[in-house]
Amino acid sequence: MKLDNSVAAVVTGGASGLGAATARALAAKGVKVAIFDLQKEKGEAVAAEIGGVFCEVNVTSDESVDAGFAKARAAHGQERVLVNCAGTGNAVKTASRAKEDGSIRHFPLEAFNWVIQINLVGTFRCIAKSAAGMLTLDPQEDGERGAIVNTASVAAEDGQIGQAAYSASKGGVVGMTLPIARDLMGEGIRVNTILPGIFDTPLLAAAPQPVKDALAASVPFPKRLGRPEEYAGLALCMIETGYFNGEDVRLDGGIRMAPR
Ligand SMILES: NC(=O)c1ccc[n+]([C@@H]2O[C@H](COP(=O)([O-])OP(=O)(O)OC[C@H]3O[C@@H](n4cnc5c(N)ncnc54)[C@H](O)[C@@H]3O)[C@@H](O)[C@H]2O)c1
């Protein structure tokens, strides 16, 4: 797909981290970018910086996502590109014994469901509603109507202790990539997913420097955290390369996560 100012894009989670880097990279190509995010102040700041539009959206809500697409399309027209970066995680063992008093507890189901609703169902909600809109577009010369990029995680394949919900949600994103690409192949819409390793984003900002250093040292090569621009580079490659379809790609410096 040729990216220029005739193309509109929606980036979920675009207020921060990997999504913000992708919104900037798309805008640098002239693309009109709408940011869907819960974080109003940060989202508005990124939108102002790139000449885009911010839509306060919660990807777990049908009404909120519908209102976001209505606002984005009123400003820029129907999007040809969707990048799903909105996501979250938690760390709870499936069942465990408290160190202090030996009491036994299990992963609260509402906490498990919360992660699934945002990372998996929220991603699918945005894909389904965006793809339905893309079907109204005239195809470009190569028959292409749209391109979608999702964000899973290496935790989809090597989840760590406490990551049952996160890994299930990201494994779901990986698992649905090919069938969605097949659902949409007759309409000229491509779908791909990135599995990031450990990236230097606000998600990790709370971690103390020694923890970040240890994480960086655990990467085979290069021995550092991933840069959000590197994620954005792969996202744009997937969008621009017409033969890229139905694929799940790790972007991780060769890391395979240990149990903890
Ligand atoms: N940073 C990493 O190392 C890493 C590794 C693997 C996967 N990922 C995935 O990449 C994606 C982006 O992560 P990031 O590191 O940029 O984190 P981030 O926290 O910087 O960005 C995530 C954004 O998603 C938004 N968001 C969360 N819940 C939302 C909801 N319900 N509706 C709308 N927006 C919502 C947040 O407000 C935030 O702006 C996530 O899906 C994350 O799981 C990140």
Side-chain angles (χ1 to χ4, degrees), residues 10-25 34-47 54-69 71-72 82-91 113-127 129 149-160 163 165-174 177 193-207 211-212 214-216 218-219 224-232 234-235 248-253 255-257:
V10 168
V11 181
T12 79
S16 176
L18 307 183
T22 306
R24 289 189 178 101
I35 289 169
F36 284 15
D37 207 296
L38 289 172
Q39 299 196 72
K40 194 163 185 275
E41 215 169 293
K42 285 181 78 177
E44 278 175 346
V46 177
F54 172 70
C55 310
E56 190 174 352
V57 167
N58 183 343
V59 298
T60 65
S61 154
D62 255 346
E63 296 71 36
S64 177
V65 170
D66 285 342
F69 279 121
K71 182 176 174 183
L82 170 71
V83 181
N84 282 301
C85 287
T88 192
N90 55 18
N113 188 41
W114 177 70
V115 174
I116 299 291
Q117 287 304 319
I118 296 172
N119 293 359
L120 177 56
V121 184
T123 296
F124 186 71
R125 177 176 288 110
C126 293
I127 293 174
K129 290 176 186 288
V149 175
N150 306 309
T151 312
S153 164
V154 293
E157 296 179 346
D158 27 84
Q160 298 185 289
Q163 285 194 313
Y166 187 68
S167 294
S169 70
K170 297 302 192 177
V173 173
V174 169
T177 301
T193 292
I194 300 175
L195 286 68
I198 312 166
F199 275 69
D200 194 6
T201 70
L203 205 76
L204 270 187
V211 172
K212 286 193 196 178
L215 286 172
S218 69
V219 182
R224 59 169 174 79
L225 304 184
R227 298 178 181 130
E229 307 76 57
E230 293 177 311
Y231 170 94
L234 179 55
D248 301 294
V249 179
R250 290 178 73 119
L251 185 66
D252 62 5
I255 203 167
R256 299 295 178 268
M257 304 304 287

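Each ligand, and each atom within it, is numbered from 1 in the order the structure gives.
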*So do the side chains of Arg125 and Asp62 get within less than 4.5 Å of each other, counting heavy atoms only?*
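They are in contact (side-chain heavy atoms under 4.5 Å apart), so the answer is yes.
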*Mind checking whether Leu195 and Asp252 have side chains closer than 4.5 Å, heavy atoms only?*
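They are not in contact (no side-chain heavy atoms under 4.5 Å apart), so the answer is no.
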At under 4.0 Å between heavy atoms, which part of [X] makes contact with ligand 1: side chain, backbone, both or neither?
| X | value |
| --- | --- |
| Val57 | backbone |
| Leu38 | both |
| Lys42 | neither |
| Ala152 | backbone |

Numbering as shown, the atoms of ligand 1 that approach [X] to under 4.0 Å (heavy-atom distance):
| X | value |
| --- | --- |
| Gly17 | 16 (O), 20 (O) |
| Ile198 | 3 (O) |
| Cys85 | 11 (C), 12 (C), 40 (C), 41 (O) |
| Thr151 | 9 (C), 10 (O), 11 (C) |
| Asn58 | 30 (C), 31 (N), 32 (N) |

*asked:* One thing to verify: whether Arg224 and Asp200 come together as a salt bridge, which I'm taking to mean a side-chain N less than 4.0 angstrom from a carboxylate O.
replied: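 So Asp200 does not pair with Arg224 through a salt bridge.
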*Full working for side chain to side chain contact (heavy atoms under 4.5 Å, CB included) between Leu120 and Phe124*: CA-CA 6 Å; Leu120 177 56; Phe124 186 71; 5.7 Å; no
Got the closest protein heavy atom to [atom], with its distance?
| atom | result |
| --- | --- |
| atom 6 (C) of ligand 1 | Pro196 O, 3.4 Å |
| atom 27 (C) of ligand 1 | Gly87 O, 3.6 Å |
| atom 14 (P) of ligand 1 | Thr201 OG1, 3.6 Å |
| atom 18 (P) of ligand 1 | Ser16 OG, 3.5 Å |

For [atom], which candidate among [options] provides the closest heavy atom?
| atom | options | answer |
| --- | --- | --- |
| atom 13 (O) of ligand 1 | Leu215, Leu18, Val46 | Leu18 |
| atom 4 (C) of ligand 1 | Ser153, Gly197, Ala21 | Gly197 |
| atom 42 (C) of ligand 1 | Phe199, Tyr166, Tyr231 | Tyr166 |
| atom 26 (N) of ligand 1 | Gly226, Ala86, Gly122 | Ala86 |
| atom 32 (N) of ligand 1 | Leu195, Val59, Leu203 | Val59 |

*Test log, rule side chain to side chain contact (heavy atoms under 4.5 Å, CB included), inputs Val10 and Cys126*: CA-CA 10 Å; Val10 168; Cys126 293; over 6 Å; no
_Shortest non-hydrogen separation from Gly68 to Val57 and the atoms involved_ =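 Minimum heavy-atom separation between Gly68 and Val57: CA-CG2, 3.6 Å.
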*What pair of heavy atoms forms the shortest contact from Asn84 to Thr12, and how long is it?*
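Smallest interatomic distance, heavy atoms only, reads CA-OG1, 3.3 Å.
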*Euclidean distance, Leu18 CG relative to Glu229 CD, rounded to 0.5 Å*: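 Output value for this atom pair is 10.0 Å.
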[X]-ligand 1 polar pair, N/O distance under 3.5 Å:
| X | value |
| --- | --- |
| Lys170 | yes |
| Thr88 | no |
| Asp37 | yes |

*Quick one: which of Lys40, Lys42, Glu41 gives a side chain to side chain contact (heavy atoms under 4.5 Å, CB included) with Phe54?*
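Among the candidates, only Lys40 passes.
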_Worked check of side chain to side chain contact (heavy atoms under 4.5 Å, CB included) between Glu56 and Lys71_ = CA-CA 10 Å; Glu56 190 174 352; Lys71 182 176 174 183; over 6 Å; no
*Taking atom types as modelled, is there a side-chain donor on Asn150 or Thr123 under 3.5 Å from an acceptor on the other?*
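On atom types as modelled, these side chains do not qualify, holding no pair under 3.5 Å.
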_Distance-only donor-acceptor check, side chains Tyr231 and Thr151, under 3.5 Å_ =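 Checked: Tyr231/Thr151 side chains pair up, N/O donor to acceptor below 3.5 Å.
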